Amino acid sequence: MKRNALIVLLPVLLFVLNGFSEPIPIARSGPQELSPLEDLGRYLFFDPRLSGDGSLSCASCHNPEYGWTDGQQLSRAYPGSDGFRNTKSTLNISDTKHLYWDGRLPGSDLETQVRDAITETHFMNLDGRLMQERLKQVPEYIQMFEIALSSEPSFGGTLKAIAAFEKTLRTGPSPYDTDNLSDAAKRGQLIFEGKGACSSCHSGATFTDHAPHRTGVPENPSILGMPLRHATYRSFIKAMGVPGYMQAKTDVGYFTVTKSSKDLGAFITPVLKQVADTGPYMHNGMFSTLEEVVSFYDKRGDGLALTEVEKADLVTFLESLSGPLPEVEVPQLPAYQLINNWNEARN
Amino acid sequence: MNINSRIPFFPVLVGLGLVLLIAGWQLMIQPDPIPLSALGPPPIPADNSQSVDENGFPLLDDPKVQLGKYLFYDNRLSGDASISCADCHSDNFGWTDGADLCRGYAGTSHWRNCQTIINSAYFSKFFWDGSSKSLETQAISAASGAVAGNGERDMMEERLRQIPFYVEFFDQVFGTSWPHQEDAWRAIAAFERALIQPVTPFDRFMKGDVLALSSDQKAGLALFTGKAGCISCHGGPLLTDEKFYNIGVPENPAFTDDALRQITFRYEQYAKGVPEEIYRKVKTDLGLYYVSKRMEDMGKFRTPMLRYLAYTAPYMHNGAFYTLEEVVDFYNEGGGPDPIKAGFDFGTKSERIQPLGLTQTERRQLVAFLESTTGDEIKSERPVLPQYGAAIPISEGQR
């Protein structure tokens, strides 16, 4: 009985003592100074407790090691499901006016994209209410939320923080930005804007017209051929309200947004900044290299009739759209802590 | 002189009225207990028929039941395909998970005791707070709750549609070209309806076999219906009135000892939609309140069935007791303090729970009787689950 009392009292004692000690230090990220909200977002971005079974974090698919993608043709997904689109990079995400390959969210609504990612069944499959209660079990998060948002951990606050962190993931100036192109890259730029007509869609400062196009990228056979991908894809287009979803034999793309048959198989032109770091390419990862992408456009339709040298120059140009990657320190995640004065503490 | 004429008429009338009022009130709070009886065939819902034998008992070889058995064991009916119905309702633990508090979904802990599937066919309410009204809807809640199965309907349905064995089996049973998730729940419910135990020493005794119970068990039965008053709630063939009571079950220490349980405790308050002030301060499971949102229902839980008890420990909504002896001792002492009073300025503990003054022998006899409502252990063979198979040939998918 006495020993039991000690076991009960010891954590209480530790908690009380802890209450008088220094506040828990919060590690700062690397070279880039983050605001408290952005830094909170950095922790949350890497925290697998933001998925239903604790197996995936945002960084599982947006991995800094692979240009903030997962480096796969088709994204990995929550266990028990399998991805049917290529993971888009979170680098320079503010440059895009549409989120997702099918553009189903406006670029300004990053927080909703984060919500999707956390709660959708094939992404991270977590009940937002459970997420809030998990974060409230981590004293460091309680402190960070208080500093960043003057509130206790919440679902909405989490979305804000992660979106704020993602906006900090900007790459540095590229050879193109600094007017430092090699001769080959300069020749490639001429093809990009001229004979290749790439700039007819990849236009403007961010190399995109932010519009949907059907480019005829071949279907990725594993989307229909692999049962779990197929199941995931069908449950997704069903949720998007695609009529006849049981019969869909191709990725319907932007059709999910407009339900107009002209948009079947159309996808939003991707931003090309940092493109060399974010392969495989296309909405379904069908091309592993930029050479394959260039060959695809060269042969498409009537063909561009690019010479081998021209194709190589075009690739060189695309490679010079990359600048230094942001340096982000992967955080040491704070653990759940038992609330020792459970019966007295307010929830 | 007639003595009767001396009795004043009016006070007699008032007195008589008062007696009737008190009697009526007593009757209202203490209705006649439902008499104990043997278990008959279970009700089969009109919208989910299944084959029964000549006495109305479900047949195990009904294709719907067999399909339901596969699905009951199929882990793909959960969020991350890691957990099936059978993981928390395992025949190794009396069709529960054998823990005081249910294990729950990966990365989480559940917060209540798993109840057995055996004889669930007879219930009109499911879960400790009665939040589901049929086996079919119970399955939905269990497969989709964030700390239970965490599955999403359409994803689970699409998984089934990628399993050729199921596509064919659902067609055979339900006549649909593709499996429908609602039919999956129907099949699982049909399987569960076949998991019943109408043959126990108690049932044989109730049918007239006086030798079915030992003398201790018979004495226990007399206590159950008499001195111990168990029957006031645990009546009828299931030994439950399926009503809700607060009996003062002590808190499970897991909530003060385990961070994951604390997370789930708060999550449940949030998810069940209690007002913020209650969310902030509550430290005890409010039971029926989550369903009714009436303060007087706080801390009340559905009277459990008293069958198959030998295999379904621990007992109570939070697994507070590991043995029937502990349970009987608890009642003998008049239950525990009202947990609602710890957090609110009122209580809801049932007046029926009073110290019983049972002797040690009587307590032993009562336990002996409770053991008579369990028959043979019901076991099941885990089926070999069918594999995914491409429903559409790869070549068709290419342009």
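Both backbone and side-chain heavy atoms feed into the values below; hydrogens, waters and symmetry mates do not. None of these values were measured; they are calculated from a predicted model. Note on naming: letters A, B, ... go to the chains in the order of the sequence lines (proteins, then strands), and numbering restarts at 1 for each one.
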Shortest non-hydrogen separation from B/Gly389 to A/Pro227 and the atoms involved = C-CG, 3.7 Å
Chain A contact via B/Tyr279 - side chain, backbone, both or neither, heavy atoms under 4.5 Å | both
Please answer whether the main-chain N or O of B/Tyr270 pairs with a side-chain N or O of A/Arg129 as donor and acceptor at a distance below 3.5 Å.
-> no
Give, as side chain, backbone, both or neither, the part of B/Val147 having an atom under 4.5 angstrom from any heavy atom of chain A.
-> side chain
Give the C-alpha distance, both sets of side-chain angles, the deciding distance and a yes or no for side-chain hydrogen bond (donor to acceptor under 3.5 Å, both in side chains) between A/Asp127 and B/Tyr267.
-> CA-CA 10 Å; A/Asp127 184 318; B/Tyr267 161 72; 3.1 Å; yes
Region of B/Leu260 in contact with chain A, defined by heavy-atom distances below 4.5 Å | side chain
Applying salt bridge (Lys or Arg N to Asp or Glu O under 4.0 Å), run through B/Glu158 and A/Arg229 and close with a yes or a no.
-> CA-CA 10 Å; B/Glu158 289 302 330; A/Arg229 282 199 206 289; over 6 Å; no
Check the pair A/Leu228 / B/Gln162 against side chain to side chain contact (heavy atoms under 4.5 Å, CB included), numbers first and verdict last.
-> CA-CA 7 Å; A/Leu228 211 45; B/Gln162 296 288 341; over 6 Å; no
Of all of B/Asn75, B/Asp257, B/Thr284, which one pairs up most often with chain A through heavy atoms under 4.5 Å apart?
-> B/Asp257
Show the numbers, then the answer: is there a side chain to side chain contact (heavy atoms under 4.5 Å, CB included) between B/Lys283 and A/Asn347?
-> CA-CA 9 Å; B/Lys283 299 294 173 184; A/Asn347 291 332; 2.5 Å; yes
Provide the closest heavy-atom pair for B/Gln262 versus A/Leu338 in the form atom of the first, atom of the second, distance.
-> NE2-CD1, 3.4 Å
Stepwise, does the side chain to side chain contact (heavy atoms under 4.5 Å, CB included) test hold for B/Arg161 with A/His230?
-> CA-CA 10 Å; B/Arg161 291 177 179 191; A/His230 194 189; over 6 Å; no
Are any of the side-chain heavy atoms of A/Arg134 and B/Thr108 separated by less than 4.5 Å?
-> yes
Sidechain-backbone polar pair: A/Lys238 side chain, B/Asp154 backbone, donor-acceptor under 3.5 Å = no
What part of B/Arg76 gets closer than 4.5 Å to chain A, counting heavy atoms only: side chain, backbone, both or neither?
-> neither
Under 4.5 Å, counting heavy-atom pairs only, tell me which of B/Gly151, B/Ala259, B/Gly107 racks up the most with chain A.
-> B/Ala259
Which portion of B/Glu157 sits near chain A, non-hydrogen atoms under 4.5 angstrom | side chain
Donor-acceptor pair between B/Arg266 and A/Gln137 side chains, under 3.5 angstrom = yes
Grab the two heavy atoms, one from B/Asn150 and one from A/Asn125, that are nearest each other, plus how far apart they are.
-> ND2-O, 2.9 Å
Looking at B/Arg159 and A/Pro79, what are the two nearest heavy atoms and their distance?
-> NH2-O, 4.3 Å
Is there a donor-acceptor pair closer than 3.5 Å between any side-chain N or O of B/Lys281 and the backbone N or O of A/Ala345?
-> no
Contact winner vs chain B - A/Tyr245, A/Phe236, A/Tyr233, heavy-atom pairs under 4.5 Å | A/Tyr245
